[in-house]
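Fair warning: this is a prediction, and the values are worked out from it, not measured in the lab. In what follows, chains are A, B, ... by sequence order, proteins preceding strands, each numbered from 1.
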Amino acid sequence: MNALSEIKSHFSAALAKLVDDPTQALGMIRPAGDPKFGDYQANCAMPLGKQLGKPPRDIAADLVADVSLDSLCSNVEIAGPGFINLTLSDAWLNNHLAAAIKDDRLGVTATDSPRKYVVDYSSPNVAKPMHVGHIRSTVIGDAIAKVLRFAGHEVITDNHLGDWGTQFGMIIYGYKHFLDSSAFKTEPVKELGRLYKFVRQIMDYHSTKKQLPTTQAELVAAQQKVEQLKALPETGDKKAAKKQKKELNNAISAAKKLTGKIEDAQATLQATETSPSLAKIAAQHAEIGNAALLETAALHAGDETNLALWKQFLPMCRDDIQKIYSRLNIVFDKELGESFYHDQLANVVKDLEAKGFTRESDGAICVFLDNHDAPMIVQKRDGAFLYATTDLATIKYRMENFDTDASLYVVDHRQSEHFNKLFDVADKWGYNETELTHVSFGTVMGKDGKPFKTRSGDTVGLEGLLDEAETRAATIAKENNPDISDDLLAQAAKIVGLGGLKYADLSHARTSDYVFDYDKMLSVRGNSATYLQYGYARVQGIIRKTEADIAAIRQSPVAFEFEQPIERQLAVKLLQFSEAIDEMLVDYRPNILCNYLFETAQLFAKFFDQCSVKDASSDSLRTSRLQLCDLTARTLKTGLSLLGIEVLDKM
RNA sequence: GCCCCCGUAGCUCAGCUGGAUAGAGCAACUGACUUCUAAUCAGUAGGUCGCAGGUUCGAAUCCUGCCGGGGGUGCCA
């Protein structure tokens, strides 16, 4: 039990005497914002004063008198309008530190209400090269799964691969028409990737060409509207004038957007038209979009040729993706891709129909929902199913086979509307006992503030990204440590480079977009993986230099001594590890854990500066400090491992 | 048109369920290596938390309106 929950349990009974439901008041007990206010503070007296019509300071005094905190706190003070400031006693700290140091789990107890989770993350489209966008889902999902497990929950990780979608139709079409067979023989996946991009380009060319006149007409209309609005006489009415101005601004920005769209379209067209060979192919394959869809449809219908190609391609693609996962050290319990659910989709629609949830509209079978203008389409006019259908089948399958308490979908925030609808339909369908959560995350941007792309406009491949991270880390490691051995350098490059990459993703609030920046990511300072890893390595250095017998110390720790304030601060922080984990899991936010680890490492760096272990003034103080060091290192190592990041003994 | 997200220091970002003087890191400037790892630490400077109202003991946080940016929006995933 951590300090926070222990304090809360002490307050609980006293608060229950004042209000029917103390939950809200208990929520107002939290770590102190400033060390001068002690370690924890209870802020509930002010609102309770209002509610009960008594002065808040009186309420605070009553609470303090009623709650027995002697076993926990050395000091309890009422401050300001009625803040209750709590300072943990050294005896309490000592007990818990000693327990933590003896414990493999560092005193973090497993939850007493374990749940069964499916964490659905990564989910790349196979055969399409993975790019930087996939790494966020992969890294965040993996961290959440690991933390849930550490907290005592049962977790099934599932990589819901896109292995049955239209991209296969495109690749099959490409294979049939544009295959470079020698390239396919030597590097099959690379060739498939090329075919995908090639078909995509021709498809984009035709759809853009078809769309362009419409867009141009829209632009003309938009420009006319701008002129019209500009020409409108000024009205005397303030409100009307304001409305006019707003309409004008809207029209101007609409026209601007259309102009941008047209420029993009023209660039797309030019890319194909300037190459005579490409232009020729484009002309020969005017119906490519439709044809690719037909290849997909044929695959789904069990066409022998296409199915054989799919069966040939899929293992190769999966192996290729697996290379990335191996490098990132990510393992899934299940990899039930879209194709796995293929034969269950018709039944999903049938069942929804039977229950009367569906309605036909324009030939498609739809589920209409309150709060949404557009329905969720579960079967297309041409009879094909959609990802919505697959997602519903997946929910059903997981409930029936895993009996989950919760499913987390670690997916891009752009799909939030899809998930809103999906969860609403699932709820109607009867899956309303299970938690369904879209753990959304923002877009990875380039330094220009636009989605991260290469200079040529392609998305950035993941493999090159990992290489770059390692190379840069190696350079930095070499700079700091010119005599480093090759083995150690390679190891450091991997652990620091990939750790930095993961940490950059995890330490940003997942809901916000973030700017991808190698320099910052591998920064040797600041809130970075390197800083935390360095803290760990420094502890190992101390242990080496002092030749301490850590195993013996762990077995029978001595009393902790807090000679300097920083030692106590660090100790309190170390005991808050489990609070950080609890807090992270409230909204599945890895950055909470990152922050905690960063703060811990910061306190350690100060401790390192101020408190010599080797030259401590007494044996007992030296051992006390060694214990703090050991606990710090283990907290950092464990915390980082929950984030999928490793540490080094020497840096 | 409708829906969602965002706007905090020059830059990149934190800020939990409303709490005490809004925080980090980078960049800038000043210091600290005969010392357990300087991949570090100490310090200075930098703010109208987009704007305006409201709710209240208290608002970056909640509500309304406005301004600015992004995303999504019936048969792609």
Side-chain angles (χ1 to χ4, degrees), chain A residues 23-24 27-28 30-34 36-37 41 43 46-47 49-50 56 79-83 85 123 125 162 165-167 242 246 249 253 293 338 361-366 368 371-382 384 386-388 390-391 411-418 420 440 442-443 445 447 449-450 476-477 479-481 496 507-509 511-515 517 519-520 523-528 530-531 533-535 537-546 583 586-587 589 591-592 594-595 598-599 602 605-606 608-615 625 629 650-651:
Chain A
T23 315
Q24 202 180 352
M28 303 185 80
R30 59 186 56 193
D34 189 315
K36 77 180 178 199
F37 300 135
Q41 58 181 216
N43 301 337
M46 284 81 80
K50 180 83 182 170
F83 293 103
N85 293 334
S123 311
N125 280 319
T166 40
Q167 85 272 18
K242 212 173 160 187
K246 196 182 168 184
N249 283 342
S253 86
L293 281 181
E338 291 173 335
S361 171
D362 292 333
I365 299 175
C366 305
F368 283 87
N371 312 326
H372 294 283
D373 289 342
M376 169 161 263
I377 298 178
V378 292
Q379 188 166 15
K380 298 200 287 183
R381 193 170 27 211
D382 64 6
L386 298 100
Y387 71 125
T390 309
D391 283 349
V411 181
D412 201 327
H413 74 289
R414 282 175 294 211
Q415 291 193 38
S416 60
E417 207 162 354
H418 164 69
N420 278 335
S440 69
T443 312
M445 312 293 253
K447 274 186 180 171
K450 290 177 186 163
I476 295 168
E479 269 170 25
N480 285 304
N481 216 338
V496 173
S507 60
H508 286 87
T511 48
S512 39
D513 294 344
Y514 90 102
V515 175
D517 180 352
D519 296 328
K520 199 189 152 195
S523 164
V524 291
R525 301 197 179 107
N527 191 356
S528 66
T530 316
Y531 182 84
Q533 289 165 327
Y534 184 61
R538 283 174 121 186
V539 170
Q540 304 316 310
I542 292 174
I543 291 172
R544 276 194 302 271
K545 269 282 169 25
T546 55
E583 208 186 326
V586 171
D587 274 316
R589 297 191 308 166
N591 72 310
I592 302 271
C594 292
N595 273 339
F598 177 55
E599 284 165 10
Q602 263 184 322
K606 288 178 197 189
F608 183 92
D609 211 51
Q610 295 172 27
C611 304
S612 173
V613 177
K614 205 176 65 182
D615 300 327
R625 286 180 175 172
C629 286
K650 278 187 185 172
M651 285 177 74

Counting just side-chain N and O atoms, does [X] come under 4.0 Å of either OP1 or OP2 of [N]?
| X | N | answer |
| --- | --- | --- |
| Y387(A) | A77(B) | no |
| N371(A) | C2(B) | no |
| N480(A) | A39(B) | yes |
| R30(A) | G19(B) | yes |
| K606(A) | C41(B) | no |
| K545(A) | C36(B) | no |
| R414(A) | C6(B) | no |
| Y534(A) | C41(B) | no |

Would you mind classifying the nucleic acid contact of [X] as base, sugar-phosphate or nothing, using non-hydrogen atoms under 4.0 angstrom?
| X | value |
| --- | --- |
| G27(A) | base |
| I377(A) | base |
| F598(A) | sugar-phosphate |

- Looking at A20(B), does its base get a donor-acceptor pair with the side chain of N85(A) below 3.5 Å?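 Per atom types, the contact qualifies.
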
- Task: Starting from the 5' end of RNA chain B, give me the residue, C611(A) or L386(A), whose nearest nucleotide shows up first.
- Result: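 Taking each residue's closest nucleotide, the earlier one in sequence belongs to C611(A).
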
- Query: Hey, is F83(A) stacking on G19(B)? Ring centres under 5.5 Å, planes under 30°.
  - Reply: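 Not stacked by the 5.5 Å and 30° rule.
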
- Query: Starting at the 5' end of RNA chain B, what dot-bracket string do you get if Watson-Crick and G-U pairs under 3.5 Å are bracketed, crossing pairs use [ ], other-strand pairs use | and unpaired bases use dots?
  - Reply: (((((((..((((.....[...)))).(((((.......))))).....(((((..]....))))))))))))....

